[in-house]
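Counting convention: from 1, in listed order, for ligands and their atoms alike.
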Amino acid sequence: MKQTQTLWLVATFALAVGCGGPMTSNDAGADSGGANDIPPSSATELSAWIQAGSWRMWKCEAAPHAPRGNSPHGMNRICQNSIVTAAASGSGDFPVGASFVKEVYDAMGNPTAVFVDTRRSAATGAAGWQFFMRGGDGMTMENAPFCATCHQGAPRDLSFTIVP
Ligand code: HEC
């Protein structure tokens, strides 16, 4: 994807989160790694990182889909960084730095929130993960216990979905 197009997409996302309007899909399947591969851990920086659309060069599902299983997330699309992709065919815990994003949409297809799960340490289970979300209104939530409680039922290391 060309740089100008990338910037346009990021700007589109920021606008869309602010005032509605459809979110343009990125080039699903591309995974550039690099500077935005591991999200910052401080809540303030992570919130800004989300607002900037920094995950949008990750490997993503092609399109939003209805929630799967017992997911409470509504229409959503999942993306993963290159650390997840590199470990996708393995088993057990993901390496430190592995990170997933879930984009959540309302019934009209407008983005309403972004969720980011990142493995921050090699500690077992939820203790090793940061669970974070940012709503379109800028509201953030970090490590709410109910996130990990439900994600503990996921097939691998608190993670439900690996983008193929
Ligand atoms: C009641 C169960 C449940 C709760 C509570 C829950 N999730 Fe999830 N989550 C799921 C399921 C199921 C999926 C995968 C399928 C889907 O969403 O369509 C998922 C997917 C995700 C993903 C994409 C990576 C993956 O594991 O597939 C992220 C990121 C995520 N959730 C973050 C969060 C955060 C942050 C919270 C708390 C604010 C949270 N979730 C609360 C069930 C839950």
Side-chain angles (χ1 to χ4, degrees), residues 13 16-17 23 25-26 28-31 33 36-164:
F13 180 76
V17 163
M23 178 168 162
S25 189
N26 80 348
D31 186 358
N36 284 324
D37 212 29
I38 301 181
S41 58
S42 93
T44 308
E45 287 175 35
L46 184 47
S47 182
W49 185 92
I50 291 169
Q51 194 174 18
S54 307
W55 75 93
R56 305 217 54 222
M57 293 306 291
W58 289 6
K59 183 173 185 177
C60 297
E61 293 177 319
H65 53 79
R68 304 182 183 114
N70 65 345
S71 168
H73 297 299
M75 285 290 291
N76 71 84
R77 185 175 82 136
I78 295 168
C79 304
Q80 69 201 20
N81 71 3
S82 68
I83 297 173
V84 172
T85 302
S89 61
S91 59
D93 288 357
F94 286 102
V96 172
S99 188
F100 294 90
V101 159
K102 173 186 285 278
E103 304 162 349
V104 176
Y105 299 83
D106 67 18
M108 302 298 292
N110 300 316
T112 55
V114 175
F115 295 65
V116 185
D117 296 352
T118 308
R119 197 167 238 302
R120 296 295 182 191
S121 80
T124 307
W129 283 88
Q130 179 187 33
F131 281 84
F132 192 86
M133 71 145 289
R134 182 185 194 281
D137 57 2
M139 186 274 289
T140 60
M141 191 190 289
E142 185 173 8
N143 292 336
F146 67 86
C147 307
T149 301
C150 186
H151 274 249
Q152 260 149 8
R156 182 178 169 193
D157 194 19
L158 286 85
S159 306
F160 284 99
T161 313
I162 295 177
V163 183

**Item:** ligand 1 contacted by P67 (non-hydrogen, < 4.0 Å)
**Value:** yes

**Message:** Regarding R77 and E103, does a basic nitrogen lie under 4.0 Å from an acidic carboxylate oxygen?
**Reply:** yes

**Asked** If you count the atoms of ligand 1 from 1 in the order shown, which ones are under 4.0 Å from a heavy atom of S159?
**Response** 26 (O)

**Item:** N70 contact mode with ligand 1 (heavy-atom cut-off under 4.0 Å)
**Value:** both

**Message:** Tell me the protein heavy atom at minimum distance from atom 38 (C) of ligand 1, and give that distance in Å.
**Reply:** C147 SG, 2.6 Å

**Rounded distance (nearest 0.5 Å) linking atom CD of Q80 with atom OG1 of T161** = 9.0 Å

**Item:** Atoms in ligand 1 with a heavy atom of H65 nearer than 4.0 Å
**Value:** 18 (O)

**Request:** Nearest 0.5 Å please: distance from the OG1 atom of T140 over to the CD1 atom of I50.
**Result:** 8.5 Å

**Message:** Under 2.8 Å from atom 8 (Fe) of ligand 1 - does any N, O or S atom of H151 fall there?
**Reply:** yes

**Prompt:** Who passes ring-ring contact (aromatic ring centres under 6.0 Å, His included) against H73, sequence neighbours left out?
**Reply:** F115

**Prompt:** Using 4.0 Å as the upper bound for N to carboxylate O, is an ion pair formed by R120 and E142?
**Reply:** no

**Close side-chain approach of S99 and V116, heavy atoms under 4.5 Å** = yes

**Complete:** min-distance protein heavy atom vs atom 4 (C) of ligand 1 -> C150 CB, 3.3 Å

**Request:** Give the residue, atom name and distance (to 0.1 Å) of the protein heavy atom nearest atom 22 (C) of ligand 1.
**Result:** K102 CE, 3.4 Å

**Asked** Can you tell me which residue and heavy atom of the protein come closest to atom 34 (C) of ligand 1, and the distance to 0.1 Å?
**Response** F115 CD2, 3.4 Å

**Prompt:** Can you tell me the protein heavy atom closest to atom 30 (C) of ligand 1 and the distance?
**Reply:** D117 OD2, 3.3 Å

**Asked** Closer than 4.0 angstrom: is that true for some heavy atom of P72 and an atom of ligand 1?
**Response** yes

**Request:** Determine the interplanar angle of the W55 and W49 rings, folded into 0 to 90°, and report it as parallel if under 30°, tilted if 30 to 60°, perpendicular if over 60°.
**Result:** tilted

**Prompt:** Is the closest heavy-atom distance from Q80 to ligand 1 below 4.0 Å?
**Reply:** no

**Prompt:** Are F100 and F94 an aromatic pair by the rule of ring centers under 6.0 Å?
**Reply:** yes

**Prompt:** Taking atom CE of M75 and atom CG of D106, what is their separation to the nearest 0.5 Å?
**Reply:** 9.5 Å

**Fill in**
Here the atoms of ligand 1 under 4.0 Å from any heavy atom belonging to F100 are 24 (C), 29 (C)

**Message:** Suppose we only count N/O/S atoms under 2.8 Å; would H73 qualify as near atom 8 (Fe) of ligand 1?
**Reply:** yes

**Request:** Mind checking the CD-CG spacing from Q152 to D157? Nearest 0.5 Å is all I need.
**Result:** 10.5 Å

**Message:** Could you identify the single nearest non-hydrogen protein atom to atom 18 (O) of ligand 1 and state the distance to 0.1 Å?
**Reply:** R68 N, 2.9 Å

**Item:** Inter-residue atom distance C79.SG - E61.CD, 0.5 Å rounding
**Value:** 7.5 Å

**Asked** Identify the closest protein heavy atom to atom 14 (C) of ligand 1: which residue and atom is it, and at what distance?
**Response** F160 CB, 3.4 Å

**Item:** Under-4.0 Å heavy-atom contact with ligand 1, by part of A144 that carries it
**Value:** neither

